[in-house]
Amino acid sequence: MRRLTVSLLLCLVPLTASPPARCAAQQPILVVFRCDDYRAADPAGKFRCEWPVMKAIIEIFRRHKLTVDVGVIPFSVSSNAPDAEERPLDSSPERLQFLRQAIADGTVEPALHGYAHRDLGMWPRASEFAGVPEGKQLQMIRKGKQALQRWLGQPVDVFVPPYFQYDATTTRLLADLNIPILSGQVHQLPYDRRLAYVPATAAFWQISEALQAARTHDDLCLIVFCFHPFEIQEAGVIPNGLSLAELEKLVVEVSTDPRMQVLTLKQVAERWPQLTTAGYTRLHCSLYPVWITPGLRSVAALVSGGRCGHVLWPEYVYRRLYPVLFLPSLAGLVVGLLVGAFILCRRLRPAGHGALVAAVLLAVAWIAYGLHWSWTGIMFWPKMQAIIWT
């Protein structure tokens with residue numbers, strides 16, 4: 001027994017080792033601001049509160065001579081009904097002209113934000129593209145890109161999927177249609193290596209924590225701050241959201257920090273290719289303090305083909321370790337339930353049989369639940385705030 005205890009302690013020593021030493025030279029912290037849901041006026045008034053806030057957001061960046069990425073919906077709708085009226089952006093001349101001026105003076109970099117921003121209910125979560133047939137996706141992407149380029153008079157190089165949802169078909173079509181940059185969400189995969197993938201890493205409530213955590217690392221960091229007009233307090237939808245004054249204070253803080261650089265999604269893809277799809281599997285990391293210790297690093301490197309970063313858990317490791325972590329724990333749960341039910345069966349036969357049936361049903365439900373969420377990729381959904389080049 002003593003020998004077994006000593007062996008177990010020796011195995012745990014690598015897992016409690018200190019994190020690797022920090023680099024002497026600090027690398028830049030790259031910050032991108034991405035504001036989604038620029039749309040035409042809605043006759044039903046569903047999104048009326050967003051327009052004044054959207055203008056105010058863009059004016060903040062204009063005052064400080066910075067550029068914000070804006071996800072533009074080419075054909076907006078006020079409901080998810082298939083026959084809902086589609087409102088093209090050029091049906092609101094004031095909004096289109098405001099956007100053109102902001103692009104002309106360098107305040108806005110436009111991105112194609114889907115087609116109509118519908119929730120088609122085709123996926124376990126809201127989606128306009130994921131799970132949709134290829135022909136329909138092709139039609140929406142092509143029509144949306146052509147319309148936006150015609151209205152703005154310039155190429156559109158960035159695609160932002162509504163609700164962050166897309167699939168492998170979406171990415172293949174984007175590459176085929178010469179939209180080279182995809183900005184989804186940080187826990188997702190890029191699928192097509194022809195695309196530069198520059199995902200959102202922090203929501204409005206995470207930005208302060210993300211910046212603070214980034215400052216504790218000397219490595220090159222990328223933070224893509226994603227927010228929407230309805231998340232700003234002045235829109236009246238989320239009372240405890242970020243106020244315009246707080247947003248401006250944040251913009252000033254970032255722009256005056258000597259280590260931070262405010263860039264656009266396109267600039268990141270062009271100037272820092274190591275942060276995009278080419279090296280994505282090794283870079284997709286969290287700023288949360290969950291260290292990969294030497295022992296865990298060897299396991300992660302084994303399951304990832306040696307592509308494991310040295311600082312924190314990469315997201316793809318969660319996906320690859322999922323069957324290893326989930327299936328044994330599931331087996332243990334099932335065995336435990338069955339053994340417990342069997343004991344009850346022996347002592348209290350009528351109640352025991354009922355307990356056995358209940359245990360089996362619970363086990364089946366647990367398996368179905370686990371497989372469902374593992375398939376949609378959020379059973380081990382890391383709360384990531386940045387991509388780190390280690």
Side-chain angles (χ1 to χ4, degrees), residues 26-39 49-72 95 98-111 113 158 160 181 183 185-186 198-217 220-272 275 287 384-388:
Q26 286 188 331
Q27 299 297 311
I29 299 171
L30 312 178
V31 180
V32 177
F33 291 90
R34 197 189 95 192
C35 183
D36 292 347
D37 294 358
Y38 196 106
R39 67 178 88 224
C49 63
E50 295 184 6
W51 172 236
V53 175
M54 178 63 83
K55 286 200 299 183
I57 290 170
I58 293 175
E59 290 296 346
I60 288 174
F61 286 88
R62 178 177 281 130
R63 279 196 296 273
H64 298 283
K65 296 180 171 55
L66 297 173
T67 305
V68 56
D69 280 87
V70 174
V72 183
R95 300 190 183 191
F98 184 84
L99 181 60
R100 283 174 174 165
Q101 181 57 46
I103 294 171
D105 61 30
T107 306
V108 165
E109 176 183 86
H113 192 24
V158 182
V160 176
I181 303 167
S183 183
Q185 203 168 27
V186 76
V198 192
T201 66
F204 75 94
W205 65 85
Q206 296 174 309
I207 187 63
S208 296
E209 186 179 0
L211 293 175
Q212 182 180 0
R215 291 188 179 104
T216 67
H217 291 270
L220 176 64
C221 295
L222 169 65
I223 300 175
V224 180
F225 172 36
C226 175
F227 60 108
H228 304 76
F230 71 83
E231 293 174 322
I232 303 298
Q233 281 186 15
E234 283 78 358
V237 178
I238 302 179
N240 60 342
L242 196 71
S243 69
L244 288 169
E246 289 171 330
L247 175 62
E248 185 158 17
K249 181 180 177 182
L250 173 65
V251 168
V252 172
E253 175 190 350
V254 171
S255 62
T256 56
D257 189 312
R259 192 183 163 197
M260 296 189 183
Q261 300 179 19
V262 179
L263 301 173
T264 66
L265 296 168
K266 188 175 180 180
Q267 288 172 335
V268 170
E270 292 175 347
R271 301 181 193 178
W272 306 94
L275 287 172
L287 280 178
M384 298 179 187
Q385 298 175 326
I387 298 172
I388 308 169

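Positions are given from 1, in the same order as the sequence printed here.
Across I60, V251, D69, a single residue satisfies side-chain contact (heavy atoms from CB on, under 4.5 Å) together with F33, and that is V251. The residue from K55, R63, R62 that alone fulfils the side-chain hydrogen bond (donor to acceptor under 3.5 Å, both in side chains) condition with E59 is R62. A side-chain contact (heavy atoms from CB on, under 4.5 Å) with L30 is found for one member of V198, L222, I223 and no other, namely L222.
Considering every non-hydrogen atom in both T201 and Q206, the closest pair reads O-OE1, 4.1 Å. Nearest heavy atom pair, residue L220 against residue P28, reads CD1-O, 3.2 Å. When every heavy atom of P229 is checked against every heavy atom of M54, the shortest pair comes out as CG-CE, 3.4 Å. Contact between C35 and I57 at its shortest, heavy atoms only, is SG-CD1, 3.9 Å. Nearest heavy atom pair, residue F230 against residue V237, reads O-CB, 3.5 Å. The minimum heavy-atom distance between S183 and A200, with the atom names listed, is OG-N, 4.0 Å.
Distance alone, capped at 3.5 Å, is enough to place a donor-acceptor pair between the Y38 side chain and the R95 backbone. Remark: side-chain polar atoms of E234 are paired, donor with acceptor, to backbone N or O of L244 under 3.5 angstrom.
Taken to the nearest 0.5 Å, the CD atom of Q267 stands 9.5 Å off from the CD atom of Q261. Here L211 contributes atom CG and R259 contributes atom CZ; the two are 11.0 Å apart, rounded to the nearest 0.5 Å. Interatomic distance, CD of Q233 versus CG of L242, reported as 7.5 Å (0.5 Å rounding). A distance of 6.5 Å separates NZ in K266 from CD in E109, rounded to the nearest 0.5 Å. Considering CZ of F227 and CG of L250, their distance stands at 8.5 Å, rounded to 0.5 Å. Residue E253 holds its CD atom at 6.5 Å from OG of S208, rounded to the nearest 0.5 Å.
The side chain to side chain donor-acceptor pair (under 3.5 Å) search around R39 returns none, not counting sequence neighbours. In terms of the side chain to side chain donor-acceptor pair (under 3.5 Å) criterion, residue partners of D36 (sequence neighbours excluded) are, by chain and number, R34.
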### Verdict with reasoning, Q27 to C221, per side-chain contact (heavy atoms from CB on, under 4.5 Å)
CA-CA 8 Å; Q27 299 297 311; C221 295; over 6 Å; no
### Message
If you apply the rule side-chain contact (heavy atoms from CB on, under 4.5 Å), what do you find for T67 with V108, and how did you get there?
### Response
CA-CA 5 Å; T67 305; V108 165; 5.7 Å; no
#### Entry: Full working for side-chain contact (heavy atoms from CB on, under 4.5 Å) between H113 and D37
CA-CA 7 Å; H113 192 24; D37 294 358; 3.0 Å; yes
### Task
Please assess V31 against D257 for the test side-chain contact (heavy atoms from CB on, under 4.5 Å), listing each intermediate value before the final yes or no.
CA-CA 11 Å; V31 180; D257 189 312; over 6 Å; no
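A heavy-atom distance below 4.5 Å is found between the side chains of Q101 and D105. Between H64 and V252 there is a side-chain heavy-atom pair separated by less than 4.5 Å. Here the side chains of L263 and W272 are in contact, with some heavy-atom distance below 4.5 Å.
Classification of the F98-W51 ring pair by plane angle, with boundaries at 30° and 60°, yields perpendicular.
Of the N and O atoms on the side chains of E50 and H228, not one donor lies less than 3.5 Å from an acceptor on the other residue.
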